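The structure under discussion appears below in the form of structure tokens.
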Protein chains: 2
Amino acid sequence: MSLRYALIALLTGRPMTGYEVSKRFGASVGHVWHAPDSQIYPELRRLESEGLLTGEDVPWGTKARTKTRYAVTAAGEAAFREWMNSPASPHHSRDPAYLRAAYLDWADPMKARQYLLSQKQFHTERLVVLEATRAMLADRTHPVLAARLESIDEAEHERIIAFRTYAYDGMIARERADLKWVEDGLRLLAAND
Amino acid sequence: MSLRYALIALLTGRPMTGYEVSKRFGASVGHVWHAPDSQIYPELRRLESEGLLTGEDVPWGTKARTKTRYAVTAAGEAAFREWMNSPASPHHSRDPAYLRAAYLDWADPMKARQYLLSQKQFHTERLVVLEATRAMLADRTHPVLAARLESIDEAEHERIIAFRTYAYDGMIARERADLKWVEDGLRLLAAND
DNA sequence: CCAGTCATGTAAGATGTTACATGATTCC
DNA sequence: GGAATCATGTAACATCTTACATGACTGG
């Protein structure tokens, strides 16, 4: 259910084609919510059919080819606002990392170490990307944020930026906690073998 | 795909009926991996049909009623070990909390505050439960862990407990980070309104 | 002219959620 | 006798993953 709101949220920044949306989901939005193309295109169509987005055919290339540029409608903004104001259902996290960690005694120590090292690399890389994105939000060089700010009263800019960076602060804090945890795991393995 | 390994992992502690498994998923295992009854019972049957578990009918009550007690087979242990040794696919976290946080400017400030307060309560309560469970693992009063240890050479006990508590340390650290983040959010809201 | 990007999906299957459904047993 | 617990699901639907599929356009 969150995918649709992630899509609307993104498109409040500025209108985009499905392809652009899909690229964004591989980058900044993807940090917050991941989805593959095969979910994005159909969901955009569904949102359009429900009147939360408009799909405008714009010419592309030399021939009579077109691409669809989606924009949020007033109804879409209202639906998003309503979702934002609705109470959140408790979120069950289901992270296989904890399951593996708890039963690491069942793994070959070599493989366990390899696993933790790959986790370490994953978190390290993700941390770099998150921090870079947060910096782009803070200094307003983030393209979608910049587009969004243009359509908004300047008095509100600071507030919007504060919330966007706040979300990244949470993700960054979590990554740091996870990274430290993985490093503890490597020490634990080393101590045991 | 992880549900089945969570089930096998739990049952390596000791044999259980579907009902006991389901209760455990509402408690300690549930911290690591959540699943409702409607997933648990069919999956246990599937695992039995694949030979990873055995289902033994044991009498229950006075009449000819029976319940099924599941136990891990050698094949089940092998499959679990194999999974533990396989490289982990990158895990895409999809936490609606970050999506909401990033767009908190769209919410009514009152509702945003209520939302964050409910998040705070959720994390606080979860933290208490996680710490209590971790303590029970550390002092070996956790029933499933205790049962598991009985069937295992004492030289290995420390190692097993270390990994079980290590998993909880990760979840606890994450909860603490999330809690701090939520509190920052409340301060941010207060500063803005 | 060829590689990379832009553009848009379908289809099948796995997984997870929500709601509903039923009855025995045990303990007070 | 009644409430809580034990026991076990089905059914419908939503969501997500994985694999496959196609072709035009752009820049070097």
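None of these values were measured; they are calculated from a predicted model.
- The local environment of CD in B:Glu82 is sparse, with at most 12 non-hydrogen atoms from other residues, nucleotides or ligands closer than 6.0 Å.
- Atom CD in A:Glu20 sits roughly 14 Å away from atom C1' in C:dT8 (whole-Å rounding).
- Following rounding to the nearest Å, A:His91 (NE2) and D:dT15 (C1') show an atom-to-atom distance of 14 Å.
- Heavy-atom nearest nucleotides on DNA chain D were determined for A:Leu3 and for B:Gly18, and the one closer to the 5' end corresponds to B:Gly18.
- Within the 4.0 Å cut-off from OP1 or OP2 of C:dA11, not a single side-chain nitrogen or oxygen of A:Ser38 is found.
- Taking atom CE of B:Met16 as the reference point, atom P of D:dT8 lies 13 Å away to the nearest angstrom.
- Ionic pairing of B:Arg174 and B:Asp178 is not present here: no N-O contact between side-chain nitrogen and carboxylate oxygen is shorter than 4.0 angstrom.
- The structure places CD of A:Glu183 at 6.5 Å from CZ of A:Arg187, a figure rounded to the nearest 0.5 Å.
- Of the residues in residues 39-50 of chain A, A:Gln39 come within less than 4.0 Å of DNA chain D through at least one heavy atom, sorted by number.
- What separates CZ of A:Arg24 from P of C:dA7 is a distance of 14 Å, to the nearest Å.
- Listed pair A:Tyr19 / C:dC6 meets the phosphate criterion, a side-chain N or O lying under 4.0 Å from OP1 or OP2.
- A:Ser22 has no side-chain polar atom (N or O) that falls below the 4.0 Å cut-off from OP1 or OP2 of C:dA7.
- Heavy atoms from other residues, nucleotides or ligands lying under 6.0 Å from CZ of B:Arg113 number 12 at most.
- Between its opening and closing five pairs, the helix from C:dC1-D:dG28 to C:dC28-D:dG1 changes axis direction by 30°, a value rounded to 10 degrees.
- One can place CG of A:Leu7 at 11 Å from P of D:dC16, the figure rounded to the nearest angstrom.
- Between B:Tyr98 and A:His31, the ring centre distance reaches or exceeds 6.0 Å.
- Note: CG (B:Asp95) to C1' (D:dT15) measures 17 Å, nearest angstrom.
- In this structure, A:Arg65 places its CZ atom 10 Å from P of D:dG23, rounding to the nearest Å.
- For CZ of B:Arg148, the number of neighbouring non-hydrogen atoms (other residues, nucleotides, ligands) closer than 6.0 Å is greater than 12.
- Cation-pi geometry between A:Arg164 and B:Tyr103 is met: the NZ or CZ atom falls under 6.0 Å from the ring centre, inside 45° of the normal.
- Side-chain atoms of A:Ser93 and A:Asp95 form no donor-acceptor pair, as typed in the model, at a separation below 3.5 Å.
- Taking side-chain N and O atoms only, A:Arg94 has a distance below 4.0 Å to OP1 or OP2 of C:dT17.
- Between A:Trp60 and the phosphate of C:dC6, there is no side-chain N or O to OP1/OP2 separation shorter than 4.0 Å.
- The neighbour count for A:Arg14 CZ, taken as heavy atoms of other residues, nucleotides or ligands under 6.0 Å away, is above 12.
- Taking atom CG of B:Asp37 as the reference point, atom P of C:dA19 lies 15 Å away to the nearest angstrom.
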